[in-house]
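Scope of the values below: all heavy atoms of this structure, side chains included, with no hydrogens, waters or symmetry mates. All values reported here derive from a predicted model rather than from experimental measurement. Letters A, B, ... mirror the listed sequences (proteins, then strands); counts begin at 1.
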2 protein chains.
Amino acid sequence: MTGKPKLETVAREAGVSIATASQVMRGAGRISDKTRSKVLKAAQKLHYVPDNRAASMRSGQNREIGFVINKISNPFNAEVISGVSDLLEAEGYLVSVLDARDDPDRQGRHIDAFIRNGRGGLLWVPAEQTPHKTFDLLTAHRIPTVTFLRRPEGSGFDHVGIRNAEATALATHHLAGLGHRHIAYLGGEELTAVRRERIAGYEATMSERDLGPAVIWDSNDIKQAGMEAMMALRAAHPETTAVVCNGDIVALGACHGIRRLGLEPGRDVSVVGFDDIPDAAVATPPLTTMAVSPYQLGRRLARVMLERLSEPDGPVSVSEVSAELVLRATTGPV
Amino acid sequence: MTGKPKLETVAREAGVSIATASQVMRGAGRISDKTRSKVLKAAQKLHYVPDNRAASMRSGQNREIGFVINKISNPFNAEVISGVSDLLEAEGYLVSVLDARDDPDRQGRHIDAFIRNGRGGLLWVPAEQTPHKTFDLLTAHRIPTVTFLRRPEGSGFDHVGIRNAEATALATHHLAGLGHRHIAYLGGEELTAVRRERIAGYEATMSERDLGPAVIWDSNDIKQAGMEAMMALRAAHPETTAVVCNGDIVALGACHGIRRLGLEPGRDVSVVGFDDIPDAAVATPPLTTMAVSPYQLGRRLARVMLERLSEPDGPVSVSEVSAELVLRATTGPV
DNA sequence: GACACATGGTATAACGTTATATCAAGATTA
DNA sequence: TAATCTTGATATAACGTTATACCATGTGTC
């Protein structure tokens, strides 16, 4: 075996032309069964693997989809990735994941490389502070793009997201219904679009039901930080009896913090999370949280991409999924 | 703007030949400052983005590295990915992650697509049950490959891994030193290579120090399963006062199980984890565990890849990193 | 003034596919 | 029998780069 076998090698081995070999490999054109099997046999014998670069360059098609996401380790994201790839792989596409870690530069490099390699489509959670030229680049190169979770304003891309404001409103109503009046919003650091929406839902409900005053407390998105933030929050606002959290990880941290203060989550202070990550169900006590099935969300995302791919000039689709309140043990009456 | 700009478009705009434009874009060859800036300006004006497929096809070079891994959501893996990409990106490479979810088929498809696209290098945690032809394919196509964690026997690939047997031996010695005699090994399901090594280290120490008898108890790698397995283990072997765990997630589950039995981790039953995931430090009680810095491991992996890339025919490098015992609160005297 | 040599630029053949047009030969029809 | 259609296969020009070889100039050197 000397050098990578190419279509020419296979064709020669099978005693046919390159064009014929190509058609057999793609299952296209009109080829007799006899020559088809001849070519197939030759390809197998030589361990022929087609070169996608040449193929996609010539055909203008590429069944590789990129998924630019921001925290690969978040179990929620991981499930989304599973949903996305299960569906797309079943359709013969291949999904590769790029973690931008919320850094616009890194994201830019990824998308650049993506365009350079002529990939077939892009699933994308745009980093906050994404420069405009990134959008322009994608539109200019006519890359089928679906944004996820974060919807850059004025973008003409398809989008799949979560009804954030609705979800936190629901959570706040739930707590208010249990008699809580001093409900705080805990978690997140910067005013990202998603967080802004969630806070809006919370604040709207607070003023609608005349509760208050609204308290927003920042926290980094790790357990430890959530714990510390909860303790600091209670120190500053001892009247707080319930918190709506920006995410489950912070919520779980908050529960630890409550314990540290000698109190019991769900009895003394109620906590609602967001995401319903696997740990939420098995934590002690199990976490009440806003759930959207990430796997299903991933499938939805994939479906939108498939539609866009099959109809490049179809209408822009924007779909938002509602979150459900999953009642567990961290919320209770005052 | 009509159609994607290519090198030819840029060259025409700048009034030079394609060859010259190409040299400018690559910063190669001998070009005067005057024409260089002419070309650069033209490229910018036209928003030219080179096509990597054509380039890599012609040059035989590709600075895209694939990382085939098995559970993207595992925080340990996520950190490894960070370490890998930080180093490789600094060197101008780009890392895309493919999650094979331990399915040899999916893995096969990924690697296939990988070869098809002529990527530059492969970092790879081989799925158990990886068929031989996958190895052969990679060697035949001379893809620079570094395996990670799992080292397929007889593979001629570079490798970076953890000294598993040494680590569990250390853990077992530690427990024995605290006076424990009935130490069990908890976690893992199938006899993967890694688990085999870890069990070997545990068993060797058990017999070496004449403890025993050795007990191996299976568990799926999620918290809930760890909890249930721990309770079942104690039911079957009530004399057990310590467990060495296959991973932190199971270990944290085990701690829950111990609590459920009305006992206290670290006082009544000692637990040692493996991986030192972020949660280990903030759990209650904080988990004693075997730590290898996944970030550093990722960097090491990247470095091995860089060496291989710069010296394709250099000697095969196999490096194994020792794990350290991190003492926290889940181990104590009998 | 003949020679070498450095400098700046260009023409052109690959790289491995696929799409298009074309062709030969046998089958069908009028 | 000539004209048309089908079937199965092929030749060839792209796709957008880069590497190689080459060709003009100008610049020293003896």
Q: Write down the distance between CG (A:N62) and P (D:dC15), rounded to a whole number of angstrom.
A: 18 Å

Q.
Treating A:N52 as the side-chain partner and B:R116 as the backbone partner, does any N or O pair qualify as donor plus acceptor under 3.5 Å?
A. no

(Q) Without decimals, in angstroms, what is the distance between A:I18 CD1 and C:dT18 P? (A) 11 Å

Q) Hey, does B:E8 reach any base, or is it just sugar-phosphate, or nothing, if we go heavy atoms under 4.0 Å? A) nothing

Q) A:Q107 and A:T130: side-chain donor and acceptor closer than 3.5 Å? A) yes

Q. A:E64 pairs by salt bridge (Lys or Arg N to Asp or Glu O under 4.0 Å) with which of B:R53, B:R109, B:R119?
A. B:R119

Q: Take the protein atom CE of B:M57 and the nucleotide atom P of C:dC15, then report the distance between them rounded to whole Å.
A: 9 Å

Q: Report yes if a side-chain nitrogen or oxygen of A:R53 is closer than 4.0 Å to either non-bridging phosphate oxygen (OP1 or OP2) of D:dC15; otherwise report no.
A: no

Q: Give a yes/no answer on whether the side chain of A:R26 brings an N or O atom under 4.0 Å of OP1 or OP2 in C:dA19.
A: yes

Q | Protein-nucleotide distance (B:K4, atom NZ; D:dC15, atom P), rounded to Å | A | 13 Å

Q: State, with a plain yes or no, whether a side-chain heavy atom of A:V95 is found less than 4.5 Å away from one of A:I81.
A: no

**Q.** Between A:E307 and A:S317: side-chain donor-acceptor atoms closer than 3.5 Å
**A.** no

Q. Of B:I31 and B:S59, whose nearest nucleotide on DNA chain C comes first from the 5' end?
A. B:I31

Q.
Between A:M25 and B:V16, which residue's closest nucleotide on DNA chain C lies nearer the 5′ terminus?
A. B:V16

Q. Any donor-acceptor pair under 3.5 Å linking the side chain of B:R36 with the backbone of B:V24?
A. no

Q) Would B:R106 and A:D86 pass as an ion pair if we require N to O under 4.0 Å? A) yes

Q) Taking CG from A:N117 and P from D:dG16, how many angstroms apart are they, rounded to a whole number? A) 15 Å

(Q) In whole Å, I'd like the distance from the NZ atom of B:K34 to the P atom of C:dT7. (A) 17 Å

Q) Would you say D:dT10 has OP1 or OP2 under 4.0 Å from some side-chain N or O of A:S17? A) yes

Q. For the pair made of CG in B:N52 and P in D:dC15, what is the distance, rounded to whole Å?
A. 19 Å

Q: Would you name the heavy atoms of B:V292 and B:F76 that are closest together and state the gap between them?
A: O-CE1, 3.7 Å

Q. Do the side-chain N or O atoms of A:T35 get closer than 4.0 angstrom to the phosphate oxygens (OP1, OP2) of D:dA9?
A. yes

**Q.** Interatomic distance, A:Q23 CD vs C:dA21 P [rounded to whole Å]
**A.** 14 Å

Q: Counting heavy atoms from C-beta on, name the nucleotide in C:dG16, D:dT17, C:dA19 closest to the side chain of A:A19.
A: C:dA19

Q. Quick one: is C:dG9 close enough that its OP1 or OP2 comes under 4.0 Å of any side-chain N or O from B:S32?
A. yes

Q: If a protein heavy atom is under 4.0 Å from the base, mark B; if only from the sugar-phosphate, S; if neither, -; do that for nucleotides 23-29 of chain C going 5' to 3'.
A: -------

Q) Quick one: which of C:dA14, D:dT12, C:dT18 gets closest to the side chain of B:R58? A) C:dA14

Q.
Measuring to OP1 and OP2 of C:dT10, would you say a side-chain N or O of B:T20 lies under 4.0 angstrom away?
A. yes

Q) Considering only side-chain heavy atoms of A:S22, which listed nucleotide, D:dT18, D:dA11, C:dT18, is closest? A) C:dT18

